[in-house]
Amino acid sequence: MHALKKHRPLRRVTLAAATTVTGFVLLLSLKPHTAPTVAQATSSAGQSQSQSQSPSSGSTSGSSSEGSSGSTKSTGTKTVTGDTIQTRWGPVQVRVTLKNGKITDVTAVSYPSDNPRDQEINSYALPQLRREALAAQSARIDSVSGATYTSDGYRQSLQSALDSAGL
């Protein structure tokens with residue numbers, strides 16, 4: 001006969017109480033995804049743009065009409081900033097450096113960084129997207145798993161920058 005089928009109610013009560021407590025502890029240990037407040041979103045977006053801007057590039061605005069700009073140096077090096085693409089989780093904008101028509105550097109000027117989950121995703125997605133863009137020498141790059149919206153915005157902004165550069 002099964003151990004719980006015997007007439008031992010104390011054992012059943014103890015097992016039920018332990019199961020309930022375990023379930024309750026597991027439920028409380030879940031960390032909810034909290035939405036950022038407006039004040040955090042403004043300061044985080046400003047920080048990510050100001051940290052990644054170089055002194056020679058000037059100020060970058062969030063509007064698409066001012067997003068495409070470039071500067072040509074005498075060595076054949078050109079830096080072009082793509083349009084700001086609005087994604088579900090925030091804006092994505094890319095700056096491309098070209099030398100003699102080849103992509104030599106790709107930098108994410110702005111990207112979603114309002115909460116810890118965004119920061120975690122972009123910490124692995126942006127380097128992967130950069131590697132792919134440098135290897136492909138175009139905007140035809142694969143999306144990063146788990147960062148679909150950022151990948152799509154990155155690809156569109158990269159294509160916008162390449163179009164502005166005439167590639």
Side-chain angles (χ1 to χ4, degrees), residues 26 29-167:
L26 288 174
S29 68
L30 291 175
K31 293 185 172 81
H33 180 76
T34 57
T37 63
V38 175
Q40 290 174 338
T42 304
S43 65
S44 295
Q47 289 174 354
S48 67
Q49 286 181 355
S50 65
Q51 289 174 352
S52 61
Q53 286 181 351
S54 64
S56 64
S57 67
S59 177
T60 305
S61 170
S63 68
S64 295
S65 61
E66 296 177 13
S68 296
S69 63
S71 62
T72 306
K73 299 178 184 173
S74 61
T75 61
T77 301
K78 188 175 189 180
T79 301
V80 184
T81 303
D83 291 340
T84 300
I85 307 299
Q86 293 297 328
T87 68
R88 179 177 179 180
W89 303 113
V92 177
Q93 187 176 31
V94 176
R95 180 178 298 131
V96 181
T97 303
L98 305 158
K99 185 171 186 175
N100 300 325
K102 290 198 170 204
I103 300 173
T104 57
D105 191 27
V106 182
T107 306
V109 177
S110 65
Y111 50 89
S113 60
D114 293 338
N115 61 55
R117 181 67 178 144
D118 289 341
Q119 294 168 7
E120 178 187 355
I121 289 170
N122 290 322
S123 70
Y124 71 82
L126 293 175
Q128 178 65 29
L129 291 166
R130 180 182 183 276
R131 281 192 298 272
E132 294 231 1
L134 291 173
Q137 290 293 304
S138 72
R140 283 178 261 142
I141 57 176
D142 292 332
S143 292
V144 175
S145 178
T148 305
Y149 292 103
T150 300
S151 297
D152 290 344
Y154 192 96
R155 188 181 310 109
Q156 291 173 25
S157 184
L158 177 59
Q159 185 61 57
S160 167
L162 295 175
D163 290 345
S164 296
L167 294 180

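In what follows, residues are counted from 1 in the order of the sequence shown. Hydrogens, waters and symmetry mates play no part in the numbers below; they use all other heavy atoms, side chains included.
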Working for side-chain contact (heavy atoms from CB on, under 4.5 Å), residues Ser110 and Val92: CA-CA 5 Å; Ser110 65; Val92 177; 5.8 Å; no
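- Distance check: Thr77 OG1 to Lys102 NZ gives 14.0 Å after rounding to the nearest 0.5 Å.
- Proximity of a side-chain donor or acceptor of Asp83 to a complementary backbone N or O of Ile85 within less than 3.5 Å is not detected.
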Would you mind writing out the side-chain donor-acceptor pairs for residues 141-150 within the sub-3.5 Å range, not counting sequence neighbours?
from   : atom 1 : to     : atom 2 : distance (Å)
Ser143 : OG     : Arg155 : NH2    : 2.7
Tyr149 : OH     : Arg88  : NH1    : 3.4

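- Under a 4.0 Å N-O distance rule, the pair Asp105/Arg95 does not qualify as a salt bridge.
- Here the closest non-hydrogen pair linking Asp118 and Pro112 is CB-O, 3.6 Å.
- Listed for the Gln93 side chain is a donor-acceptor partner under 3.5 Å among the backbone atoms of Gly82.
- The closest donor-acceptor contact from the side chain of Ser157 to the backbone of Val94 lies under 3.5 Å.
- A donor-acceptor contact shorter than 3.5 Å links the side chain of Ser164 to the backbone of Ser160.
- Side-chain contact of Gln156 with Asp152: a donor-acceptor pair under 3.5 Å is absent, judged by distance alone.
- Annotation for Leu158 and Ala139: closest pair CD2-CA, 3.7 Å, computed over non-hydrogen atoms.
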Audit row: Thr79, Val96, side-chain contact (heavy atoms from CB on, under 4.5 Å) steps and yes/no: CA-CA 6 Å; Thr79 301; Val96 181; over 6 Å; no
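- Shown here for Leu129 and Ser151, the closest heavy-atom pair between the two residues is CD2-OG, 3.8 Å.
- Counting only distance, with no hydrogens or angles, the side chain of Asn122 and the backbone of Ala125 share no donor-acceptor pair below 3.5 Å.
- With a 4.5 Å cut-off on side-chain heavy atoms, Tyr154 and Val106 count as touching.
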Residues Asp163, Gln159; criterion side-chain hydrogen bond (donor to acceptor under 3.5 Å, both in side chains); working and verdict: CA-CA 6 Å; Asp163 290 345; Gln159 185 61 57; 2.8 Å; yes
Steps toward side-chain contact (heavy atoms from CB on, under 4.5 Å) verdict (Leu162, Leu98): CA-CA 9 Å; Leu162 295 175; Leu98 305 158; 4.2 Å; yes
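- Side-chain contact between Thr84 and Gln86 is present, with heavy atoms from C-beta onward closer than 4.5 Å.
- Note that OG of Ser113 and CD1 of Ile121 are 12.0 Å apart. Values are rounded to the nearest 0.5 Å.
- Side chain of Ser138 to main chain of Arg140: a donor-acceptor pair is present (N/O by atom type, distance under 3.5 Å, no hydrogens or angles).
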